[in-house]
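Numbers restart at 1 for each chain; the letters A, B, ... are given by sequence-line order, proteins then strands.
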2 protein chains.
Amino acid sequence: MRILIVEDEPTLGRQLKSTLEQNGYAVDLSTDGEDGHFMGSTEEYDAVVLDLGLPEIDGLTVLGMWRKEGRRFPVLVLTARDSWSDKVAGLDAGADDYLAKPFQTEELIARLRALIRRSTGNSSAELIAGDVRLDTRSGRVTLAGEPVKLTAQEYKLLSYLLHHKGKVVSRTELIEHIYDQDFDRDSNTIEVFVTRIRKKLGPDVITTIRGLGYSLNDPAQVARG
Amino acid sequence: MRILIVEDEPTLGRQLKSTLEQNGYAVDLSTDGEDGHFMGSTEEYDAVVLDLGLPEIDGLTVLGMWRKEGRRFPVLVLTARDSWSDKVAGLDAGADDYLAKPFQTEELIARLRALIRRSTGNSSAELIAGDVRLDTRSGRVTLAGEPVKLTAQEYKLLSYLLHHKGKVVSRTELIEHIYDQDFDRDSNTIEVFVTRIRKKLGPDVITTIRGLGYSLNDPAQVARG
DNA sequence: AGATTCCATGCGCATCCTGATCGTCGAGGA
DNA sequence: TCCTCGACGATCAGGATGCGCATGGAATCT
């Protein structure tokens, strides 16, 4: 999952980026409204954290522009405490959730998780496909009840596929959502990690759709068909 | 474990801080309601000691604000003796326990211990992981029955991990809960103390989860897997 | 003075990326 | 139906990187 942070205060911004990365997200950081807007318009994000008090362009304006352009990623807005007017205006502009500054990082992460979960149409914090279970809160993966050790990249890849269970996910899409901005797009890392995951979780978890990409099927459905 | 004291009377405040520190807590001290509220909102505390008779903002108001913002740390309220009305109002505002002034520091510590124990979901005053036992009352640690001498920081680190057994705890989280406000966050002290604890208690007590942090596993559970 | 805590440095290993090679699938022709 | 060939995907090994560990000495506290 890839996230954009638009936050003008450098210290807070960097701290957030680091925290989110520790929680298994790919993170881009933008420090002003104009750049932030550009990033959100050109790159593929699964969620955006947007501070309202920005230089150059106001956060609400940026949000409005995105929605006008048809960007649908969930947006978590950071507001000053007790700022009622901001809250109302933000709702109108298309924000999905709020967090008043100052906030606890734990709460930010919990809310982001919930946003992404909702936006991908998953109802539970635990993602399941056959014998494979991934708990998005603890970051633990189990195979038939047994805990499995995954590396950071393996986890990101599996997590994205699980969030989009049943859908065919192209290599490009995976690269866009697993890595942050500066990454060489011409490489076969995705294949490498698919191989690794298959070794750890069994060869049937991820299905290859030749020429299109990968798909993660719930064996229950396959058995039916 | 890190604690915030909000107490306007400087003598009592400093005395409390020192007592709690001697008992293995990291302590921040705030002398008025406004600052106290800010601290509680921005930093990570495992418990708060809150005096109701404060200048600027009243203690109860501060407590109400925290709860509205979603802060869940347990709060121990200090009231004047026989102040029934305070007690009722405090309960409504979300206090977890009471202590009437004047009080014995021993009782304060005992109650704090109980509060933290409950809030972290531990039922006993003795925390156990494999051969390692930590008695939160006496502050003693034993390995397979044999007493082990830990330094202050070693104890704090181990105690926090034991309170959150099974959870993956990031380096940042550890720093936030082991040290008080003014501490340089860029250093490798956590690693150093982890090394030290491993030397005293054995290499398998603390598990490293690369890129994420540390985790303390109950061998009983590992044995199952 | 002694213990404790903190910081800086160098080392080792897990992880990740790259590039090469091998395997597999499927279309088209005989 | 079978074979051939081209394109795509899978796998493997080597090397770079960064993270965590260990250690000694400086700074700090008791």
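Side-chain N/O atoms of R198(A) include one lying less than 4.0 angstrom from OP1 or OP2 on dA10(D). Between dC8(D) and Y214(A), no contact under 4.0 Å exists linking OP1 or OP2 to a side-chain N or O. A close approach under 4.0 Å does occur between a side-chain nitrogen or oxygen of Y179(A) and OP1 or OP2 of dC17(C). Listed pair R171(B) / dG20(D) meets the phosphate criterion, a side-chain N or O lying under 4.0 Å from OP1 or OP2. T189(A) has no side-chain polar atom (N or O) that falls below the 4.0 Å cut-off from OP1 or OP2 of dT18(C). Taking 4.0 angstrom as the limit, T195(A) places none of its side-chain polar atoms (N or O) nearer than this to OP1 or OP2 of dG9(D).
When side chains are defined from C-beta on, R198(A) does not count as touching K200(A), because their heavy atoms never get closer than 4.5 Å.
Place R210(A) and R210(B) on DNA chain C by their nearest nucleotides, and R210(B) ends up nearer the 5' end. Two residues, I209(B) and G213(A), neighbour DNA chain D, and the one matched to the more 5' nucleotide by heavy-atom proximity is G213(A). Projected onto DNA chain C by closest heavy-atom contact, V192(A) and K149(A) fall at different nucleotides, the more 5' of which corresponds to K149(A).
Donor-acceptor pairing under 3.5 Å is lacking for the side chains of Y98(B) and R111(B).
Residue contacts shown for R196(A) include a base, since a base heavy atom lies under 4.0 Å away. V194(B) comes within 4.0 angstrom of no nucleic acid atom, judged by non-hydrogen atoms across all strands. Contacts of T151(A) with the nucleic acid, taken as non-hydrogen atoms under 4.0 Å apart, involve only primed sugar atoms and P, OP1 or OP2. The residue K199(A) sits close only to the backbone: its heavy atoms come under 4.0 Å of sugar-phosphate atoms, none of a base.
Ring pair F73(B)/W66(B) is perpendicular by interplanar angle, where above 60° counts as perpendicular and below 30° as parallel.
Counting only heavy atoms from C-beta on, Q153(A) has its side chain closest to dC17(C) among dC7(C), dC17(C), dG9(D).
The only member of E43(A), H37(A), M39(A) that meets side-chain contact (heavy atoms from CB on, under 4.5 Å) when paired with S41(A) is H37(A).
Side chain of K165(A) to backbone of L127(A): no donor-acceptor contact under 3.5 angstrom is found.
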